[in-house]
Number of protein chains: 2
Amino acid sequence: MVVTIRDVARATGVSISTVSRALANPEQVAEATRVHVQETARTMGYRPNRAARGLVTGRTGSIGLVVPDLENPFFGSICKGVQARARAAGYAVFIADTDEDPLLEDEVVRGLTKQVDGVILCSPRGSDEAVGRVAEDSSLVLVNRTLAGVPSITFDNGGGARAVMRHLVALGHRTIAYAAGPITSWSNRERDTALRDFAEQSNDVELIELGSFPPVFSGGTQAADLALASGATAIVAFNDLVAAGLVDRLRHRGITVPTDISVTGFDNVPMSTLVWPNLTTVDFPRIQMGRASVDALLDTVLGRRKEPRPNLEIPVELVVRQSTGVLPASRAASA
Amino acid sequence: MVVTIRDVARATGVSISTVSRALANPEQVAEATRVHVQETARTMGYRPNRAARGLVTGRTGSIGLVVPDLENPFFGSICKGVQARARAAGYAVFIADTDEDPLLEDEVVRGLTKQVDGVILCSPRGSDEAVGRVAEDSSLVLVNRTLAGVPSITFDNGGGARAVMRHLVALGHRTIAYAAGPITSWSNRERDTALRDFAEQSNDVELIELGSFPPVFSGGTQAADLALASGATAIVAFNDLVAAGLVDRLRHRGITVPTDISVTGFDNVPMSTLVWPNLTTVDFPRIQMGRASVDALLDTVLGRRKEPRPNLEIPVELVVRQSTGVLPASRAASA
DNA sequence: CGAAACGCTGCAAACGTTTGCAGACTGTAG
DNA sequence: CTACAGTCTGCAAACGTTTGCAGCGTTTCG
């Protein structure tokens, strides 16, 4: 019922070796045989058994993708990019969701490594040691995180943070609060550092760091009151969800964005144009990152690249919308 | 470097058959041997080669999941549920994104069937014929769609639509518009039919059907003006994204939701609590659906169920938030 | 005490494919 | 006509695992 290479061989009257070659290495068989075999294979509906092929070649023809939370559209986009590029290269994609759990992550990755040619590990929550150990015995590409000796792809968080600061300063803001994300988040550290450095270097800008909030809507709700009390005229949120929470809470407090206070996010998730006012944010080209990570993985898997490939940083872009505005004269005076 | 069953056999001093059995069918080997083998295998870091196993058993230990758009959080949630349940059952998940393209869908599914034990086809865009052909020669479970003879899981769209109508009618609304989704969408047809039936059966309610809009934010923008012109006092949107677009456009036109007009969505995607006012919508338990679809697939794959399993309908729940309100007295009079 | 039954283990075949090697054939040159 | 190169094809081994079958030792029962 399921057609194997033998059936094709019998139907065409050649050996299975010839069939195999006609399909996988067409240039090794004579023109006539080749077309005959290919034709027959097609009409018979032959599909090579990947398990059998994998057994002898040692390649599985698939890659693994590990993300912390599939429900988060940020990772959904990356998946989309990965999936598209992988298919174009003839690879299938195994997916795994770690539920933001470092232990589960480790287990999942180890289970996956044996059945794939390489793994893309996205925003890993595990320790450097754990990630490093995995990298030792499997092809690994890190996304949204760096680790010495392991190829990785990151967004230019620092550049994004600086662009936000430049934008706010240009609008007249001098007292700016940062509603930070999880301290375990590599992205948060990158952004935080860049913001602080920027403030230090331009000596009339004050950055108020507001501690750490969960990177979700309610995190913004929490941060809003603190931000308000701090006297800042602009709030940089760790991401768009926090920014949305901020805006919502501020509205309840009777504060209007951007008239009274400006708010920015990070990521440019689709919802950032749904909240009112539409969020000024930093766009992270996530699909592109997904594609790039597959390319990087294939580089190492296929040995296309000799020298160890360090980190690739993907540029990001400030998207100015309605949640940021010029500093009201009254506040400027009082500052 | 990679440890095989042979290495474990040599290390423990038993044959490979015994190792295989000790790990896969523990009850077939003696207690002492079993613990010895299991212990050694663990310390050596042995992981069975799935390709080899698959070759002899005919099972791959993985399932395929095909969705129209990974970026859409609706499908992201389903993926999450599928992935979690599949892992719990010892299966890995191949994922494929069809970009909403029926042709790509067909190709992708066919390519997948050979390397998995079964496929979960989510919101398929292909024709009944195309889907039916695939179902013939592979284990298939349909999600969000029914097809004679193929096991499927759907949400109770009709029940959700009726709940929305009851809610609006209770608030005093008698002229209700439906901003329909894509005509190719099975869910849209289900909702539309239920809404229409409901209106017909309660003879003082008028349903105005507003044609078809893309199921995204801008679809709502388009629908808003038509809805306004129709004189409806409440608008049922095909989904939350359309509802969000509606609310946004209405605000620009100076109409307040829900004071002047009520709006509802479907799906209860995470953003529905981000837009202001928070959307009244119908919650679809997507993670649960993901899990249920794996169960259904495993039923057929493992032959756990004899009689053909028809459709399983998952109940949904109306979530009342701030986008619906009582019909203003002025409008009631004018109606 | 002998035979049967049982529990445990090992042998070896099989799964479907790729690939190194060698053989068969054709054509060309000496 | 022989030798040789070159092109194409087939043979057979190998990949790592599962599993039917048989063998072995021990126990149980008559």
Side-chain angles (χ1 to χ4, degrees), chain A residues 1-38 40-42 44-62 90 92 111 113-117 137 302, chain B residues 1-38 40-42 44-62 90-92 111 113-117 302:
Chain A
M1 54 156 234
V2 55
V3 34
T4 77
I5 205 174
R6 300 198 111 75
D7 303 322
V8 180
R10 207 169 314 136
T12 49
V14 299
S15 74
I16 58 167
S17 330
T18 304
V19 175
S20 173
R21 280 189 275 254
L23 299 173
N25 306 75
E27 73 282 2
Q28 292 183 19
V29 338
E31 170 80 11
T33 337
R34 189 182 68 220
V35 301
H36 185 198
V37 170
Q38 287 176 340
T40 322
R42 212 169 46 72
M44 294 179 74
Y46 168 72
R47 299 252 180 178
N49 180 321
R50 298 189 85 140
R53 169 181 296 172
L55 193 52
V56 39
T57 60
R59 291 258 183 73
T60 62
S62 43
T113 48
K114 299 294 168 182
Q115 49 184 317
V116 299
D117 295 342
D137 47 26
L302 305 177
Chain B
M1 50 156 239
V2 55
V3 35
T4 79
I5 203 172
R6 302 199 110 73
D7 304 321
V8 180
R10 207 169 313 134
T12 49
V14 298
S15 75
I16 59 167
S17 331
T18 304
V19 175
S20 173
R21 278 188 278 254
L23 300 173
N25 306 75
E27 73 282 0
Q28 292 183 19
V29 334
E31 171 80 12
T33 336
R34 190 183 65 221
V35 301
H36 184 199
V37 170
Q38 287 176 340
T40 322
R42 213 171 44 74
M44 294 179 74
Y46 168 73
R47 301 255 178 179
N49 179 322
R50 300 190 87 142
R53 170 181 295 172
L55 193 52
V56 39
T57 61
R59 292 257 182 72
T60 61
S62 43
Y91 282 78
T113 50
K114 298 295 169 184
Q115 47 185 318
V116 299
D117 295 342
L302 304 176

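Side chains are part of it too, since the values below use all heavy atoms of this structure and drop only hydrogens, waters and symmetry mates. First the proteins, then the strands, lettered A, B, ... as listed; each starts at 1.
Of the possible polar contacts, none joining the T33(B) side chain to the V29(B) backbone as a donor-acceptor pair under 3.5 Å is found. Panel note: side chain R50(A), backbone G61(A); a donor-acceptor pair is recorded below 3.5 Å. Between the side chain of T12(B) and the backbone N or O of V8(B), at least one donor-acceptor pair lies under 3.5 Å.
Residues R21(A) and Y46(A) each lie close to DNA chain C; by heavy-atom proximity, the contact nearer the 5' end of the strand is made by Y46(A).
Among the heavy atoms of the strands, none lies under 4.0 Å from R50(B). Residue T57(A) is classed as a sugar-phosphate contact, given heavy-atom separations below 4.0 Å to backbone atoms only. Within the nucleic acid shown, S17(A) comes within 4.0 Å of at least one base atom, counting heavy atoms only.
In this structure, CG on D7(A) lies 12.0 Å from OG1 on T40(A), to the nearest 0.5 angstrom. Note: T60(B) OG1 to Q115(B) CD = 8.5 Å, rounded to the nearest 0.5 Å. For the atom pair CZ (R10(A)) and CD1 (I16(A)), the distance works out to 10.5 Å, reported to the nearest 0.5 Å. Here E27(B) contributes atom CD and R34(B) contributes atom CZ; the two are 9.0 Å apart, rounded to the nearest 0.5 Å. Atoms CD1 and CZ, from I5(A) and R47(A) in turn, are 15.0 Å apart once rounded to the nearest 0.5 Å.
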- Item | N49(B)/T4(B) under side-chain contact (heavy atoms from CB on, under 4.5 Å): CA gap, chis, key distance, verdict | CA-CA 8 Å; N49(B) 179 322; T4(B) 79; over 6 Å; no
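Overall, the helix from dC1(C)-dG30(D) to dG30(C)-dC1(D) carries an axis bend of 60° between its ends, with five pairs at each end and the value rounded to 10°.
Counting only N and O atoms by type, the side chains of S15(B) and T18(B) include a donor and acceptor under 3.5 Å apart.
From the 5' end on, the contacts that DNA chain C makes with chain A at under 4.0 Å to a non-hydrogen atom open and close at dG16(C) to dG20(C).
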Taking only nitrogen or oxygen atoms into account, show me every contact under 3.5 Å that the protein makes with nucleotides 5-8 of chain D, one pair per line with its distance.
none

